K.L.:
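Dumping the structure here so I can ask a few things about it.
Because the structure is a prediction, the values reported are computed rather than measured.
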Amino acid sequence: MGRHATAASGTRDVRPSPPMSKRLIGRIAAGAAVVLLVAVVAVLGKMWWDSRLPDTFNVMSYGTHDYGGGPERPNHEGHTDATGTSVANLHGASGGAPDARFDLTARAADIHLSSGRIVHALTFDGTSPGPELRVRQGDLVEVVLRNEDVRDGVTIHWHGIDVPNAEDGVAGVTQNAVLPGESYTYRFRAEQVGTFWYHTHQVSSKEVRRGLFGVIVIEPREPEPGLDVALAAHAFDGIATLNRDEGGGRMKTPAGTPVRLRLVNTDSFEQTFTISGTPFRVLAIDGTDLHGPGELENVSLRVAAGGRLDVGYVQPTNGVRVAIEGTDTAIGFGPSGGPTPAEQPPAGEFDPLTYGTPGPTPFDARSDFDRRFELTITRRPGFFDGSPGLQWALNGGIYPNVPVFVVEEGDLVEVTIKNDSNGIHPMHLHGHHVLVLSRDGEPSTSPWWSDTLNVGPGESYVVAFRADNPGLWMDHCHNLTHAAQGLTMHVAYAGVSTPFLVGDDPGNTPE
């Protein structure tokens, strides 16, 4: 039989098909690429759409509730819990005459730095820093805030003072922003002792930078003798200052005078202070005295954005220089009016983890915690409110898809904070102080309480606190630019809700 069967034989022709043309292959490949492109665009489009925040929203409408291994209330729905408590009802003392009363008016004003430079600022009472407020422990404090002409509105957050939730001053969470022509009254009992500061929490990433802040000091009922000075570090238009002084200031201080310096970092970035001319002790961190502070010399003092350090020394016969490292900004203290002494380069760095002596604490790393949370900070590509880029993420989620830590009043809470990013994040929990238990697995030597904890790249902290101040509390990076970019979340007490909204309609923009 021949190579090919004839049609008459009824045998099928088995000759191979001709090869597929290059044109057809190209069409198929192009079609597949179009399908893939459409799929990618659809996925990205959905990610973009899902990331967009409504013009007006409740902050508790978003996020994933994390109960830290503790019990969840039956049928608990967070912000929709109709049987719960509104933050609007969690006020401070409402009755009685205040022991200390202040009026603060927010307005735009030109301020003059010590060199004569003029800064177009936002101010409290026409100055920045705003008036220093000094009260005594136990005082009932009343502050009336008035907004003269700050267009976007203003609030007052009492940074580090564990006030009742309704007094916390966060626009869209605990109150509405105070718009031009309006006023708002804060009342709280000054239970703590220490160095704190106040600032707006409305468009805070811009308004604090422009000058809406001041220092508040809560003194003991019987103040200690000596010189007590608060120094607020702030960069105005990129110019480093201490109490609006660019450098060369001098404060006459007789030899033998006990001196307490309250160093306050009001910037959104870490500041490092140096003290030259005398040994000194770090007396307090974030408004809480340390236990058994030892003498230091030639040691630099890193202060987190929003953090505070109290330093004490006895004035020697020579001058003492207090400076912001890397700048010419310094203030001198001494018996005479002579020049400020030269800066003494630090040979080391203050480390609060290994400073001080052991002391009593209400709980420690061996305690039986009711809830344990993990908070991991990273960066990841994605969309934040419709904008693409490399975004800050908390536990892998980009705001608003971030965790909400839910606690019950009375809970003992442990939190592990990990920074897997290249940035420094001063994490600030409103309404509470945390006890630092360890850093990178190394336990703290002495009781170290903080409300603004500097977490460096690659660092891991374990901290703990008692949930004893019911409310809805912000927990955010106090690099306020980072917070505005989504590095923020909330700690919510079960059953607490907020009637306030963030967005265009009420005009609330906390960060």
Side-chain angles (χ1 to χ4, degrees), residues 129 159-160 195 197 208-209 213 215 229-249 259-287 290 293-313 320-333 340-356 419 422-428 436 439 448 450-459 461 477-482:
H159 190 116
T195 306
W197 64 300
V208 175
R209 174 174 52 81
F213 68 90
V215 173
V229 180
L231 298 175
H234 194 79
F236 290 100
D237 293 345
I239 302 165
T241 69
L242 285 171
N243 289 358
R244 212 170 63 242
D245 193 323
E246 296 165 82
V259 178
R260 188 179 191 113
L261 302 177
R262 303 176 184 269
L263 308 178
V264 183
N265 182 6
T266 69
D267 282 313
S268 280
F269 47 86
E270 180 183 84
Q271 290 282 18
T272 301
F273 293 83
T274 60
I275 297 178
S276 304
T278 184
F280 61 90
R281 302 175 194 272
V282 176
L283 304 178
I285 298 175
D286 289 350
L290 298 180
E295 193 170 80
L296 301 168
E297 194 168 10
N298 298 343
V299 171
S300 63
L301 303 169
R302 291 198 305 161
V303 181
R308 291 87 62 214
L309 287 183
D310 287 19
V311 174
Y313 70 89
V320 173
R321 175 190 180 94
V322 181
I324 298 177
E325 189 176 51
T327 73
D328 294 328
T329 302
I331 292 180
F333 295 82
T340 302
E343 183 175 41
Q344 188 171 355
E349 184 178 290
F350 170 66
D351 185 356
L353 189 76
T354 57
Y355 184 69
N419 181 4
N422 292 325
I424 298 174
H425 303 296
M427 298 306 294
H428 173 48
V436 178
R439 183 185 65 212
W448 170 16
S450 177
D451 59 62
T452 312
L453 183 64
N454 228 24
V455 186
E459 287 185 335
Y461 279 88
C477 178
H478 220 272
N479 180 324
L480 296 175
T481 300
H482 290 177

K.L.:
Does H425 offer a backbone N or O that forms a donor-acceptor pair with the side chain of N479 under 3.5 Å?
P.N.:
no

K.L.:
In residues 272-285, what donor-acceptor pairs under 3.5 Å come from side-chain atoms, sequence neighbours left out?
P.N.:
{"residue": "T274", "atom": "OG1", "partner": "E343", "partner atom": "OE2", "Å": "2.5"}
{"residue": "S276", "atom": "OG", "partner": "Q344", "partner atom": "N", "Å": "2.7"}
{"residue": "R281", "atom": "NH1", "partner": "P293", "partner atom": "O", "Å": "2.9"}

K.L.:
When rounded to the nearest 0.5 angstrom, what is the spacing between CH2 in W448 and CG in L290?
P.N.:
10.0 Å

K.L.:
Just wondering, do R439 and D351 contact through their side chains at under 4.5 Å, heavy atoms?
P.N.:
yes

K.L.:
With rounding to the nearest 0.5 angstrom, report the NE2 to NE2 distance, H159 to H428.
P.N.:
4.0 Å

K.L.:
State the NE2-CG distance between H234 and D267, to the nearest 0.5 angstrom.
P.N.:
5.5 Å

K.L.:
Measure across L263 and V311 and return the closest heavy-atom pair with its distance rounded to 0.1 Å.
P.N.:
CD1-CG2, 4.0 Å

K.L.:
Could you tell me whether a side-chain N or O of W197 sits under 3.5 Å from a main-chain N or O of T266, the two making a donor and an acceptor?
P.N.:
no

K.L.:
Regarding D451 and R308, does a basic nitrogen lie under 4.0 Å from an acidic carboxylate oxygen?
P.N.:
yes

K.L.:
Side chains of L261 and Y313: closer than 4.5 Å at any heavy-atom pair?
P.N.:
yes

K.L.:
Under 3.5 Å, is there a donor-acceptor pair between the side chain of D286 and the main chain of G307?
P.N.:
no

K.L.:
What pair of heavy atoms forms the shortest contact from F213 to V208, and how long is it?
P.N.:
CD2-O, 3.8 Å

K.L.:
Could you check whether any side-chain N or O of N265 sits under 3.5 Å from a backbone N or O of A304, counting only pairs where one atom can act as donor and the other as acceptor?
P.N.:
yes

K.L.:
Can you name the closest pair of heavy atoms from V215 and A230 and give their distance?
P.N.:
CG1-CB, 3.9 Å

K.L.:
Compare every heavy atom of A240 with every heavy atom of T327, then report the nearest pair and how far apart it is.
P.N.:
CG2-CB, 4.0 Å

K.L.:
Without swapping roles, check the side chain of N419 against the backbone of E459 for a donor-acceptor pair under 3.5 Å.
P.N.:
no

K.L.:
Does a side-chain heavy-atom distance below 4.5 Å link R260 with R262?
P.N.:
yes

K.L.:
Taking the side chain as every heavy atom from C-beta outward, state whether I424 and P457 have any pair of such atoms under 4.5 Å apart.
P.N.:
yes

K.L.:
Once side-chain hydrogen bond (donor to acceptor under 3.5 Å, both in side chains) is applied, do any residues pair with Y355, and if so which ones, sequence neighbours excluded?
P.N.:
none

K.L.:
In Å, rounded to the nearest 0.5 Å, how long is the span from CG of N454 to CD of E270?
P.N.:
5.0 Å

K.L.:
Working to the nearest 0.5 angstrom, can you tell me the gap between H478 NE2 and F269 CZ?
P.N.:
13.5 Å

K.L.:
For A233 and I324, which heavy atoms make the closest approach, and how far apart are they?
P.N.:
CB-CD1, 3.9 Å

K.L.:
Compute whether any side-chain donor of one residue and acceptor of the other, for H482 and S268, lie under 3.5 angstrom apart.
P.N.:
no

K.L.:
Considering residues, nucleotides and ligands other than N298, do more than 12 of their heavy atoms fall under 6.0 Å from its CG?
P.N.:
yes

K.L.:
So do the side chains of T452 and M427 get within less than 4.5 Å of each other, counting heavy atoms only?
P.N.:
no

K.L.:
Looking at every non-hydrogen atom in both residues, tell me the closest pair between V299 and E349 and how far apart they are.
P.N.:
CG1-C, 3.4 Å

K.L.:
Taking atom CG of L231 and atom OG1 of T329, what is their separation to the nearest 0.5 Å?
P.N.:
11.5 Å

